[in-house]
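A, B, ... follow the sequence lines: proteins, then strands. Residue 1 opens every chain. These numbers come from the heavy atoms of this one structure, side chains and all, not from hydrogens, waters or symmetry mates. As the structure is a computational prediction, the values presented were derived from the model and not from experiment.
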Amino acid sequence: MSVEFENKFTTIAKKENQAAGISLSMLSKRWIPAIVFLASLITVLVGCFSIVSLSYEAYPVPLLATLCFLLQILMVDAYIQTKTWNFQILILSAVCFASLLILGSIPVLVTGWELDVYIDHSLFSAAFLIMTGIPAMMLSLYYLCGGTPQAEDISRYPLILLPVILTLYLYFALLGQVMIKGTATFDWNIVSQPYYDHILPVKTTIAGDWPAWKYEDVKQLGMLNHIFGTGLLMLLTTIVSFPFGVGAGVYLSEYGENGFARFARFTITSLRAISLLILALTAYSLTKYTQGTPLAWITRGTFFDGYTETISYGGSYFTAALVLSLLVIPILTRATEEGCRSLPNSLREGSLALGATDETTLMRVVLPWALPNIVTAILLGCVEAAGSVAVLMFIGGRGDYGVGVFRQVTTLAYLVFDTLVDIKFGAAMGQYKYTAGVILLVITLGLGTLSILFKRWLIRRYRGG
Amino acid sequence: MQSKKGKPSWAQRIAFILILVPVLMFIMTTVNIIWSSIPAVVTYGLPSLFSTEFASNMVGIMRQGDVNVGRYGLLPAIWGSAMLAVLTMMFALPISLAMAVFTSEFSLKGIGNAMEVLLSVFSGIPPIVYSLLSIFVLVNFFGPKLAGKGFPDSYLISLMGKVVNGPIEKSTLLGATFMTLLILPFMVPLILDAIRSVPHSLKEASYGVGATRWYTLVHVTLPGAMPGILAAISLGILKTIGDVVIAALTIGQARSGGMPAPLFDIFESVPPLTSTGAGLINGLSQGGANHPVSTLDAVAFFSALLLMILAFMILGVVNLAQHFLVRRIEQ
């Protein structure tokens, strides 16, 4: 009895395994769905390639004709296997035929509706190939796996995987391009010396050895100040936003039940939704409204013009950090609040039961528990500060007067932006914009990775696994 | 923790002082934006600011010395923002849904974790790096495929053997492509959280009556995750209409042609509110030489004010929809 049951059970398990996976014996039985699957896979691949390239324009029409024919065979095969007519396949076959006709009839360059564009033929063929190839792939996969409910799950994979793969490809292609172009122009001299462009008196000799002074444009290409400036801006932003962000988070999680806390939570949520243009204009008006007042020494920054300290034409690192803290405080607040709220009540009650005061509990139990979240948020805030251009858009400078809290602000991101729109740097610096982009990417992606690793390590250290 | 009856503890007092600072900063920022945009309303008037005409005729200003010659109708910019947001969502929503579903339900655990880590690393890519690549995407993806009509005949060039007018350059489509890449790493984790917060009992009940994984996903998990998906959409739209740099470098600064010819022309450069405002301050667009800078600035501040109102409207609508959905799910 039991042996019989076991046999029965193993045969069911075998059947299920067969249904779930693709094995060679199954392929020999269901070779028609396998061929249709292969054809639709080729269709989708050709469709994907013809998004980028123009050299696949001979294939779409024959491919669609083949797919149309194979799908009709698949329908007959499905009837033989399951004894029911699946009219979805017939409809898909008709769609294949229709798109074949449309593709054959449209001209090489399509335009109309007074649109400001000529659209190439290959873009339409890509759209039609993917549109028909994906459903054909799903249907053939369904019959390839035996037409069971599990096969239905498996047959949805093409639909989910294609956008994911295409998007990841796009990300990696773009980042790879920055890396390739940036490392091609990489130069140690550029990284190790600051940018410098002044018209200065230079000592020359005329008429033999008669000394004379001549004004010359003394220029030196480099981005050392921009790299140091990025670091200083990250540091300043952290210093400015850390106390307020953490304090706000503690207030919202521990004492946040009254009306004021509700209002504060609303404002901090709104800060997260604030437009970058508003931040840029805030920085701009901070420097503009203090023009001519003693405050300008702080907000606008100074530079040494050879004789005295003069007020610069933009904003200082301090101003930029102050405005950036509007962006970073909400991140810190949210992280601290989440961290404090995730503290198990038993730990808090244990601390209070031992006679600890509220303050001691806060400092010794609650904040250490929230530490992984806070550290991650600080690193993410640094990433935000390093990559933000909008704040520096109207107040940034060339950075040829050194780096300091009250000097004119400049970062790597601003260098890239400025070489792109070509305001302050000449074409000489423009050839190194990809190098600056690579250094910026290394800083931001490195900090992002560090934040993930740090969070894991700190959780293990302070929360015991 | 809160000592409700007695005096507030010193920790509470310090925390109160600390939270006061960001609140005050927010209020001051808002007041500054409103106060600085008053000159624009006074000089040009609201009907002119909400017209479709965006043109500051530099020659006219220099001849007549008249401030009011320039017209700064922001309606094309508002339309540009709306078009950009809709197009970006059309790209980003299916992709982010597919990514979230793949990560949470349709992959091995290791691959899902790797995807999450990858996305959180990608979320740190600065927007300026994307705009750095706009030329690469134009040359490799759009250049051979889409050619613009806007060029005069003297710019006829040969593209891959075919003689057409020059390739399209700055357009809403290009901006939407990069905006999609920018907001995906922020949208996917929110959708993931929403999918994971759907109670396991619901899913197991669905599996229990014999539903497949796909059927459960479409009919149980995604409807249950709808509030979270709405939050992700609102975050995506806010980031899209709020970003200056990508918009300025891939769509354009300020446009003097009024509304696009067919309203939905995504191949034309229709700068959104952000880059229009930035262009007015930068002086990169057609700002008159004799123009008093303060009124031009004020138009930029006015566009920032419009953006702020727009953002609050979106937040309010999404909050209402979330309330409605949560009540329906609970029923």
Side-chain angles (χ1 to χ4, degrees), chain A residues 52 54 109 113-120 123 149 152-153 156 160 163-164 167 171 174 177-178 243-244 247-248 250-251 254-255 264 267-268 270-271 273 275-278 280-282 284-285 326 329 358-359 362 383 387 389-390 393-394 413 416-417 420 437 440-441 444-445 448-449 452, chain B residues 1-2 9 11-12 15-16 18-19 21-23 25-26 29 32-33 36 94-95 98-99 101-102 106 117 120-122 124 126 128-129 132-133 136 144-150 160 164 168 212-214 238 242-245 249 261-262 265 267-268 274 277-278 281 301 304 307-308 311 315:
Chain A
V52 191
L54 280 177
L109 290 172
W113 291 322
E114 299 173 354
L115 283 175
D116 191 26
V117 70
Y118 291 106
I119 303 170
D120 199 277
L123 221 54
E152 201 189 327
D153 280 339
R156 307 292 170 174
I160 297 171
V164 175
T167 317
Y171 272 116
L174 293 180
Q177 273 301 311
V178 179
F244 306 120
V250 167
Y251 187 87
E254 304 294 318
Y255 318 105
T267 54
I268 288 170
S270 315
L271 274 179
S275 161
L276 289 176
L277 178 65
I278 293 168
L281 290 179
T282 307
Y284 176 68
S285 44
L326 278 174
I329 283 175
D358 281 357
E359 289 83 31
L362 184 68
V383 170
V389 180
M393 217 169 178
F394 308 128
V416 177
F417 171 74
L420 277 175
L440 183 62
L441 258 185
T444 51
L445 295 191
T449 320
I452 295 167
Chain B
M1 184 112 188
Q2 190 173 8
S9 61
Q12 188 177 353
F16 179 74
L18 288 177
I19 199 174
V21 173
V23 172
M25 277 163 100
F26 175 73
T29 312
N32 174 34
I33 295 287
S36 305
I95 296 176
M99 275 186 160
V101 165
F102 173 72
F106 272 76
V117 171
S120 64
V121 170
F122 280 163
I128 187 69
V129 173
L132 187 61
L133 285 161
F136 169 73
K145 305 289 175 182
L146 305 166
K149 274 177 168 178
M160 301 262 177
V164 291
I168 64 162
T212 58
R213 261 192 301 168
W214 179 258
L238 287 175
D243 197 276
V244 192
V245 181
L249 290 171
D265 194 350
F267 304 102
E268 210 173 310
T274 44
I281 285 210
F301 277 98
L307 266 176
M308 211 172 207
L315 274 182

Answer whether the closest heavy-atom distance between the side chains of A:Phe417 and B:Leu249 falls below 4.5 Å. yes
Are side-chain heavy atoms of A:Thr267 and B:Pro22 found at a separation under 4.5 Å? no
Report the option among B:Leu133, B:Leu132, B:Leu307, B:Thr274 that has the most heavy-atom pairs separated by less than 4.5 Å from atoms of chain A. B:Leu132
Contact leader toward chain A among B:Thr29, B:Thr212, B:Leu315, where contacts are heavy-atom pairs under 4.5 Å: B:Thr212
What heavy-atom pair brings [X] and [Y] nearest, and what distance separates the two atoms?
X        : Y        : value
B:Ile19  : A:Ala248 : CG1-CB, 3.5 Å
B:Pro126 : A:Leu441 : CD-CD2, 4.4 Å
B:Val245 : B:Asp243 : N-OD1, 3.3 Å

Checking [X] against chain A: side chain, backbone, both or neither under 4.5 Å from a heavy atom?
X        : answer
B:Leu238 : side chain
B:Ile33  : side chain
B:Asn32  : side chain

Please verify the inter-ring angle class for B:Trp214 with B:Phe106; under 30° counts as parallel, over 60° as perpendicular, anything in between as tilted. perpendicular
Please look at [X] and chain B and tell me whether the side chain, the backbone, both or neither of the residue comes under 4.5 angstrom of a heavy atom of that chain.
X        : result
A:Ile160 : both
A:Ile329 : side chain
A:Ala280 : neither

Taken to the nearest 0.5 Å, the spacing of A:Ile278 CD1 from A:Thr282 OG1 works out to 7.0 Å
Quick check for you: among A:Ile268, A:Thr449, A:Val389, A:Val250, which has the greatest number of heavy-atom pairs under 4.5 Å with chain B? A:Val389
Relative to chain B, which of A:Leu440, A:Val178, A:Leu174 shows the most heavy atom pairs under 4.5 Å? A:Leu174
